[in-house]
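Heads up: the structure comes next, in C-alpha cells.
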Amino acid sequence: MRITRRDFLRCCLASAVALGLEASTIGLLKKALASGVDLPIIWLNASACTGCTVSLANLSVTSKGTGEHDHSLTTSAAVSGPADIADLLLNTIHLAYNTTLMGAAGELAVQTLHHHTAGKFILIVEGGIPTLFDGQTCILWSENGREVTALEAIRRLAPKAQHVISVGSCSSFGGYPGAEPNPTGIKSVEVVSGVKTINIAGCPPHPDWIVGVISQLLVGQMPALDAYGRPTAYFGANIHHNCPRKHNPWASSFGLQEDDCLNDLGCKGRQTNSTCPTLKWNGGTNWCVGAGGICIGCTSPGFPDNRSPLFSSIGATPPDMHPVVEERCTSCHASNPCAEAGMEVEVTH
Amino acid sequence: MRETIIIDPVTRIEGHLSVKIDVEHGKVKKAESAGTMFRGFELISKGRDPRDMIHMMQRVCGVCPVPQGIVAALALESAAQIIVPLNAKIIRNLVQACNFIDSNVLHFYLLTLPDYVPGPQHAPWTPAWNVDMRGGLDLVSSHLPQALTVRRHAHEMGALFAGRMPNGNFLVPGGVTSLLSAERIDRFRAMLDMIKHFVHGTYVPDVRIVADAYPNYFHIGRGPANFLSFGAFEQPDGKKLFQSGMVKRTNPSKVVQLQPDKITEAVTHSFYEGTAPQRPENGQTIAVNPRDKEKAYSWLKAPRYSGYPMETGPLARMWISGSYRNGISVMDRHLARAIETLRLVEAMELWLDLLVPGLPVYEQSYSTPIEACGIGLTEAPRGALGHWLDIANGKVNNYQVITPTCWNLSPKDNCGINGPLEQAIVGAEIRDSKQPIEVMRIVHSFDPCLACAVH
C-alpha cells in the first residue's frame, strides 16, 4: 500500500490542529498539500540506543492530544487499510538514509548517503557525538577502506543540511552516555558542528514531537524554540502544572494510592517541561506518572546528572551546574519550583 | 583467488556493526564481526545511587529496555535479599513479554524480510541489493503495515502497566509502581486477543512460507552449536516459562544446569585493557584507543561459558526448553523466534488470570544495602542477559553487563576462538561479492543489537 505525500500532509494537518499549533502553521500545511517539496531525510545514529527510532515507530493517529480519534480529520486522509501513522510516515516522507530500516547495506548504503547529501536534505541525529580518541568510539560507515566517525560525519554534513534536528536527549544535550564521568567525551550535535539544531529532547522523545517538527519543516516553517533549542509547542509547559495529581496528598511509598503526588518519592515533574501529562504516550494509553512511576526529567538539559539521584526528592546538583531555583508555589504549596508561578523552571546549563 | 569484503554499515540491525570476510573460491574462509560504538555505561554507573540503575540500564538499549530494567531490579533485589509480590512478578512478565512481541514482529517484517523479498519500491527500502530473490512471497510482504500496527499495539498494551514504552518508569526495586484495576486488565486482554490472532494466523505462517521458499537456509549459518539460556518469566510455582540451562554441541539433547560462575569475559581482541579473562563480578572496562591495540577489532568483549562461545536467543531458549529442536541454522532461528512468540502470547493469557487487584505490587521493606553484591539474570528477546552489581558505601562500586548480542557477536577470545556469528559465517558460499546477501541473512538470523552488546 503506497500512501501519498498528500495523505501524509493531511495527517500532519490533523496533528497540527490537535496539538494546537498556530493557525499560520495550519495554513501552511494546507498550502503544502498542493506543493511538491520532497526533502530527503538523512537519519544518523551516533552514540545512540535506537530508542528514539522505536518511539517514532509508535506514532499513531490516535495519539493526538486526548487519545481520542478525530475522524473528521484523519479518516479524510483516505487511508485505506491500517490507520497506522508509522506506516504512513515510513511510506511517505523520503527517509533516504536510516541504518535501522534501509534496504541497502555496505557500499550501496554509503553511495546512497553521498548521493542525497550532495543536494538539499534534512539531517536528523539520534545519539550524542563522542570526541574521545578523535571520535573513534563511534564509527558510522567505511568509505574507500577508511572508517568515518560520527564526529567527522556530523562536522561534514551538518553545515550542508537545510535543517539539523537532534532527536532525543543524547544528541540534544548528551543524555546518559554524556553523564559523569562522560567516558567517551560525548558532546551535543550543536556543540561539535557549530550548527544551530532543533532539539527534540526526551529519553525517548514522543513520536508526535518528532513528526510535528518534521512536518513543520517540510512546509517551510521553523518551529519556535526555547533557550535550549527545544520547540516551545512541546516543551513550554511544566509537567507538574498539568499533572492530574498535583493537588493530591504526597505519597510516602510506591504502589499504595492510585492518585497520590509522587514528589517525595523523587518525581521531577516540577523541574521538567513537556506535554507528557496532556498528550500521554503510546496512542494516549498512559504516561510515566499515570503508571505510578516518577518523572525522571528526561527532557531536561543536564539530564540525568542534574536530576540524580532519580529516586531522591532533593536531587543532587553537580558542582558545575547551578541549583534549581527554590521558590514556593502558590497553587500547590510545594517548596520546589512549579510553573504555575509562571516561570521557566529549568536549571541553568 | 582470495578477496576481502567489508560490509560497513551492516544495516537493518540495532546499532553499529561492521563485518569483514575473506572469500576464497566463492566460500568464506575467515570472518570478523566488529561492534563499532562504545558509550561506557559501566563507567557511568560508578558512584551513583544503585536504585538509579533501573532507569539508567534501560538506556543501554531502546529496543529491549524492559529486560534491561527488570534485570537491574533483580540485581538490586538479590543484593537486598528481598522477594517481590506475585502481582509484581506477573506485571513484569507481561510487560517483558510485550517487549518480546514488539521486538520479534518488528525483526521479522522490517529487518529480515527485505533479505528475501523486495520491500516497497521506495526509500528507505530502495535502493537495495538484488540477488537470490526467489519470488512468490508477495502475500508475506503485504503484511508489513499490519505487522507495524501489531508491534505498536504490543507497546500500547505494555504501556497500560509500564506508563510508556520504550523506557517506562514502572519498575522499582521491590516491585512495580502500577496499581491494578479490572479495567486495565480488561484492556490488556482485549489487545492481547488481537495480537494473538496475528501471531497465530499471520506471523508464524509467514515465517514458514519464507522458510519453505529458501530451504537451503536450513543448512546455512550453523555456528558453534552451544546454547545458553538464563531463563525468564517466572511462574507462581517458581518455575520459569523458558527454563535456564546450557547445551553443548557434543551432546545436543542434554540440558546442563546453568552455573553462572563459569562465565568469563576476554578482551584480547577488544579495545580494552586487560590480560586474563575475568569473571563479570570482577570485570573491568578500561577503553583503549583503537589505534593503540593492534590485535583488537571490536568494542564487544568476548564472553565464554567454561571457555566456550555460546549461542543465545530464541533458538537457544526453545532448544533448552524442548519446544523446538529441528536444527541449527538461519531458518531455524527465525522459526524458533516465531514459535516462542506464540508460546508467550498463550502464557500471557494465563498470567492475566493470576493478577489480583488490591493485593500488593510493591515490597515496602526494600532498602538498598550499604555493602552487598547482587546478580540479575533474565532473557531479553535476543537471549541471555546478566547484570552484576557491587554496592559499597551505599553507592554503585562496580557494575558489569553481559548482553545477548555480546555472546552472539563476540570477537575472538584469548584462545583465538571465534564468536558464534563469525563461526556461522565461515563456510558460507557467496555468489556475488558485491552483494553478499548470504552474510546479511546469517547476521539477521541472530537479530543483533550492538548498543546492548557494547553498552
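We name chains A, B, ... by the order of the sequence lines, and we start the count at 1 in each one. Values below: every heavy atom of this structure, side chains too, minus hydrogens, waters and symmetry copies. Every value quoted in this text rests on a predicted model; they were computed, and no experiment measured them.
The shortest heavy-atom contact between B:Asn169 and A:Cys295 is ND2-CA, 4.3 Å. Smallest separation of non-hydrogen atoms from A:Pro181 and B:Ile44: CD-CA, 3.9 Å. A:Thr285 and B:Glu156 get closest at one heavy-atom pair: CG2-O, 3.4 Å. Nearest approach of A:Ala48 to B:Met37, heavy atoms of both residues: O-CE, 3.1 Å. Contact detail for B:Gly163 and A:Trp281: the closest heavy-atom pair is O-CB, 4.3 Å. When all heavy atoms of B:Leu111 and A:Thr100 are compared, the pair lying nearest together is CD2-O, 3.1 Å.
Contact annotation for B:Ile5: neither backbone nor side-chain heavy atoms come within less than 4.5 Å of a heavy atom of chain A. Neither the backbone nor the side chain of B:Met157 comes within contact range of chain A, judged by heavy atoms closer than 4.5 Å. Contacts between B:Arg48 and chain A at a heavy-atom distance below 4.5 Å involve the side chain alone, from C-beta outward. When heavy atoms are compared at a cutoff of 4.5 Å, A:Pro204 approaches chain B by way of both its backbone and its side chain. At a 4.5 Å heavy-atom cutoff, A:Cys276 makes no contact with chain B through either its backbone or its side chain. For a residue to count as touching a neighbouring chain, one of its non-hydrogen atoms must lie under 4.5 Å from one of that chain's; by this rule A:Leu256 touches chain B with backbone and side chain alike. Contacts between B:Phe161 and chain A at a heavy-atom distance below 4.5 Å involve the backbone alone (N, CA, C, O). With a 4.5 angstrom heavy-atom cutoff, A:Ile186 does not touch chain B via any of its atoms. No part of A:Glu143 comes within reach of chain B, as not one of its non-hydrogen atoms sits under 4.5 angstrom from that chain. Residue B:Phe38 touches chain A through both its backbone and its side chain, counting heavy-atom pairs closer than 4.5 Å. Proximity to chain B is absent for every atom of A:Val289, based on heavy atoms less than 4.5 angstrom apart. With a 4.5 angstrom heavy-atom cutoff, B:Val63 touches chain A via backbone and side-chain atoms both. If you measure heavy-atom distances from B:Val288 to chain A, the contacts under 4.5 Å come from the backbone alone. For B:Ala88, no part lies under 4.5 angstrom from a heavy atom of chain A.
A donor-acceptor pair under 3.5 Å is formed between the side chain of B:His16 and the backbone N or O of A:Asn45. No side-chain donor-acceptor contact under 3.5 Å links B:Arg59 to the backbone of A:Cys49. Judged purely by atom type and a 3.5 angstrom limit, B:Asn167 uses its side chain to pair as donor or acceptor with the backbone of A:Cys203. Formation of a donor-acceptor pair under 3.5 Å by the B:Asp49 side chain with backbone atoms of A:Pro309 is not found in this model. Side chain of A:Asn58 to main chain of B:Met165: a donor-acceptor pair is present (N/O by atom type, distance under 3.5 Å, no hydrogens or angles). Using modelled atom types, one side-chain atom of B:Thr177 and one backbone atom of A:Ala291 make a donor-acceptor pair closer than 3.5 Å. Between the side chain of A:Asn282 and the main chain of B:Arg164, no donor-acceptor pair closer than 3.5 Å is present. Under the 3.5 Å distance criterion, the side-chain polar atoms of A:Ser47 are left unmatched by any main-chain donor or acceptor of B:Arg39. For the pair B:Arg152 (side chain) and A:Gly283 (backbone), a donor-acceptor distance under 3.5 Å is absent.
For chain B, the option among A:Ala105, A:Ala46, A:Gly175 with the highest count of heavy-atom pairs below 4.5 Å is A:Ala105. Per-residue heavy-atom pair counts under 4.5 Å with chain A were compared for B:Val176, B:Thr126, B:Asn289, B:Val60, and the maximum is reached by B:Asn289. With respect to chain A, the highest number of heavy-atom pairs below 4.5 Å among B:His153, B:Gln435, B:Lys434, B:Arg184 belongs to B:Arg184. Counting heavy-atom pairs closer than 4.5 Å to chain B, the top-ranked of the candidates A:Pro130, A:Gly51, A:Ser142 is A:Ser142. When the candidates B:Leu450, B:Leu160, B:Leu171, B:Val454 are compared by the number of heavy-atom contacts under 4.5 Å with chain A, B:Leu160 comes out ahead. For the set B:Ser178, B:Ala287, B:Gly35, B:Ala451, the count of heavy-atom pairs under 4.5 angstrom toward chain A peaks at B:Ser178.
Under the 6.0 Å cut-off for aromatic ring centres, B:His55 and A:Tyr176 do not qualify, their centroids lying 6.0 Å or more apart.
When the shell of 6.0 Å around CD of B:Gln284 is examined, it contains 12 or fewer heavy atoms from other residues, nucleotides or ligands. Few gaps surround NZ on B:Lys293; more than 12 heavy atoms of other groups in view lie less than 6.0 Å from it. More than 12 heavy atoms of other residues, nucleotides or ligands shown are found within 6.0 angstrom of CG on B:Asp292. For A:His115, the NE2 atom is loosely surrounded, since the number of other residues' heavy atoms within 6.0 Å does not exceed 12. Heavy atoms of other residues, nucleotides or ligands lying less than 6.0 angstrom from CD of A:Glu107 number 12 at most.
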Report task. Carefully, step by step, assess A:Arg146 and B:Asp8 under the rule salt bridge (Lys or Arg N to Asp or Glu O under 4.0 Å). Result -> CA-CA 10 Å; A:Arg146 195 177 67 85; B:Asp8 182 21; over 6 Å; no
Requested in this report: Step by step, work out the side-chain hydrogen bond (donor to acceptor under 3.5 Å, both in side chains) result for A:Thr50 and B:Glu14.
Outcome: CA-CA 7 Å; A:Thr50 311; B:Glu14 193 297 318; 2.3 Å; yes
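Here the OG-CZ distance, from A:Ser308 to B:Arg51, works out to 11.5 Å after rounding to the nearest 0.5 Å. Rounded to the nearest 0.5 Å, atoms OG1 (B:Thr36) and CG (A:Leu140) are 7.5 Å apart. With values rounded to the nearest 0.5 angstrom, A:Leu95 atom CG is found 8.5 Å from B:Trp125 atom CH2. From A:Ser55, atom OG reaches atom NE2 of B:His155 across 9.0 Å, with rounding to the nearest 0.5 Å.
Between B:Pro290 and A:Ile139, every side-chain heavy-atom pair lies at or beyond the 4.5 Å cut-off. At a threshold of 4.5 Å between non-hydrogen side-chain atoms, the residues B:Leu43 and A:Glu180 do not count as touching. Considering only heavy atoms from C-beta on, B:Ser18 stays 4.5 Å or farther from A:Trp141 through its side chain.
Taking the charged nitrogens against the carboxylate oxygens, A:Arg307 and B:Asp52 have no contact shorter than 4.0 Å, which rules out a salt bridge. The pair A:Glu147-B:Arg291 does not count as a salt bridge, with every side-chain nitrogen at least 4.0 angstrom from each carboxylate oxygen.
Relative ring orientation between B:Trp299 and A:Phe133 is described as parallel, the plane-to-plane angle staying below 30° on a 0-90° scale split at 30° and 60°.
Screening B:Pro127, B:Pro124, B:Pro114 for a side chain to side chain contact (heavy atoms under 4.5 Å, CB included) involving A:Met102 leaves a single residue, B:Pro124.
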